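Only one structure is covered here, and it is reproduced in the block below.
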2 protein chains.
Amino acid sequence: MSRTPSTTAVVAATPAFQRIKDHVLQQIQSGQWQQGQAIPSEAALARQFNVARMTVNRALRELSDEQTLNRVQGSGTFVAQQKYQSTLVQLRNIADEISARGHQHRGQLQRLERYKADAALLRQFELTAAQQQLFHSVVVHFENDVPIQVEDRYVNPAVAPDYMAQDFGSQTPNAYLTRVAPLQGVQYAIEASMPGPEVAELLRMEITEPCLVLRRCTRSQGQVASVSALWHPASRYQFTGSF
Amino acid sequence: MSRTPSTTAVVAATPAFQRIKDHVLQQIQSGQWQQGQAIPSEAALARQFNVARMTVNRALRELSDEQTLNRVQGSGTFVAQQKYQSTLVQLRNIADEISARGHQHRGQLQRLERYKADAALLRQFELTAAQQQLFHSVVVHFENDVPIQVEDRYVNPAVAPDYMAQDFGSQTPNAYLTRVAPLQGVQYAIEASMPGPEVAELLRMEITEPCLVLRRCTRSQGQVASVSALWHPASRYQFTGSF
DNA sequence: TAGTGGTCTAGACCACAGC
DNA sequence: CTGTGGTCTAGACCACTAT
């Protein structure tokens, strides 16, 4: 192949695989190649760009990883469905978030107990009535001494048997659990909800102010490890980001 | 090379690059290779796995794309910083979301007007007092005739001059804007907030029930294109997902 | 059967780090 | 200078799809 570099050192040129990616993206953005339509084969693009097929392969494989193309072995490469106009919100743990803002985080253990689960909670944990002993913790998280989150958490003893012996002032339940029980999956929901009297008092807020609530169910070792509700006062907390 | 296939056809084997990825991930997860530590070079892994360097290169490059490794040309490959325990929430547009649930979406235009922006809104749009005419629309979105979202949107006339002439019953403002003004960036915030009387009435909810609010600011053509607030009754809406 | 993508090789040249 | 990753080649064999 007679490519840009090597001859006299034109250098600086963008890599060939990137130029091919750019070309494909431009064809799609300009509407030349419509959604669902087949695009030229690897061999054809290799001829067109005067590169090896492996180079084209990398370009198309990356675009496929990025959901821009769909590839079907034996059939061809197709323009993928247009992306949703969607946004991703990243939910981080509260201690990291506060320290990322350069503020002081402090966790205050409010309650730590064995708890006999009711039917609804057992269902969430996928447990039977034979194993209804759970651990329950309530921790208030402060940002510069202002309460910003109440973490109300139930934990499966089978996954974290030593949960009750931890010092949750120095280590958040979250940090402990991710260390002892590597996370397999998370389900979550963000809601708006009025606080109960206890949550309102812990957050030092009026009971007429709503809360932004993140409910989360984490799995580990093939079981439900933890079910938690994170309560935040609406006036002091929001999930933000950009895209 | 004397690899699994080709000899007698063991087949089914996972690809070599995937086995290398798995190996690296396992070393990291087991703690053998710690965060920040250098891992063996491509050449070393190629010898160890008895494959070509390109195969190792693909494995490590993909892990690098996935944020598991950091690679520095001339220096080496290092275990990346441990991921946050974080979750991504996907925010989709309401019409897609409702039809994905197999339900009926309907948009009802409530208001469409020219609006003289106040100082706060001008600041959000990064405009001066010389250009304070904005477009303003209010659309109620129904899922099977139950109101689920009030979309309160301000639009920059410079970006979408024909906004006032659209039929927002047949096409959501969102769909129109993304068509005429390709999106460059989004900023968003999720909040809990009490509805005003008008929002409560449009959503047919009690004014004592909180709302889950998504505020969004979109950019297009180098300008702020649109500032919107999407109000949802807490009892009928939450952002959910899994990971 | 011909054409597609999926993977892999055994070299190669380059830019860059660190010594 | 040596060793690293970044890229690329010109083949190859395979599994799969379409005809």
Side-chain angles (χ1 to χ4, degrees), chain A residues 1-24 33 36-80, chain B residues 1-24 33 36-80:
Chain A
M1 293 287 151
S2 63
R3 272 309 314 129
T4 332
S6 84
T7 47
T8 40
V10 178
V11 216
T14 54
F17 79 89
Q18 187 60 56
R19 293 201 318 271
I20 296 168
K21 286 180 71 172
D22 291 343
H23 173 254
V24 172
W33 294 350
Q37 199 179 333
I39 75 166
S41 71
E42 293 190 352
L45 287 168
R47 279 192 302 277
Q48 178 182 340
F49 281 87
N50 197 26
V51 297
R53 185 170 75 97
M54 264 299 273
T55 304
V56 177
N57 179 276
R58 174 170 172 186
L60 299 190
R61 178 159 37 79
E62 290 189 0
L63 288 171
S64 168
D65 289 344
E66 294 161 17
Q67 316 278 325
T68 302
L69 299 175
N70 293 322
R71 320 198 70 194
V72 183
Q73 189 173 128
S75 178
T77 301
F78 306 87
V79 179
Chain B
M1 294 287 149
S2 65
R3 270 309 316 131
T4 332
S6 84
T7 48
T8 41
V10 178
V11 214
T14 55
F17 79 90
Q18 186 61 56
R19 292 199 321 270
I20 296 168
K21 287 180 71 170
D22 291 343
H23 173 254
V24 171
W33 295 349
Q37 201 181 329
I39 76 166
S41 71
E42 293 189 352
L45 286 169
R47 280 192 301 276
Q48 179 183 339
F49 281 87
N50 196 27
V51 297
R53 185 171 74 98
M54 264 299 273
T55 305
V56 177
N57 179 276
R58 174 169 172 185
L60 299 190
R61 178 159 38 80
E62 290 189 1
L63 287 171
S64 170
D65 289 344
E66 294 160 17
Q67 316 277 327
T68 302
L69 299 175
N70 293 323
R71 319 198 72 196
V72 184
Q73 188 173 130
S75 179
T77 301
F78 306 87
V79 179

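Chain letters run A, B, ... following the sequence lines, proteins first and then strands; every chain starts at 1. These numbers were taken from a predicted model, which means no experiment stands behind them.
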Parsed dot-bracket for DNA chain D after applying the Watson-Crick and G-U rules with both distances under 3.5 Å and | for other-strand partners is |.||||||||||||||||.
Check: Hey, is the side chain of B:Arg53 pairing donor to acceptor with the base of D:dT7 inside 3.5 Å?
Finding: yes
Do [X] and [Y] have side chains that get closer than 4.5 Å, going by heavy atoms?
| X | Y | answer |
| --- | --- | --- |
| A:Lys21 | A:Glu66 | yes |
| A:Val24 | A:Thr68 | no |
| B:Val51 | B:Leu45 | no |

Of the listed C:dT7, D:dT4, C:dA10, the closest approach to the B:Pro15 side chain comes from C:dT7
Against the side chain of A:Ser41, the closest entry in C:dT4, D:dG5, C:dG11 is C:dT4
(request) Kindly say whether A:Gly76 contributes a backbone atom to a donor-acceptor pair with the side chain of A:Arg71 at under 3.5 angstrom? (result) no
Contacts of A:Met54 and B:Ala43 projected onto DNA chain D by closest heavy atom; the upstream (5') one is B:Ala43
- Charged N to carboxylate O below 4.0 Å: is that the case for A:Arg61 and A:Glu42? no
Please tabulate, one pair per line, each protein N/O and nucleotide N/O from nucleotides 16-19 of chain D that are separated by under 3.5 Å, including the distance.
| unit_1 | atom_1 | unit_2 | atom_2 | d |
| --- | --- | --- | --- | --- |
| D:dC16 | O4' | A:Gln73 | OE1 | 3.3 |
| D:dT17 | O4' | A:Gly74 | O | 3.2 |

Per the under-4.0 Å heavy-atom filter, residues of residues 55-64 of chain B near DNA chain C come out as B:Thr55, B:Arg58
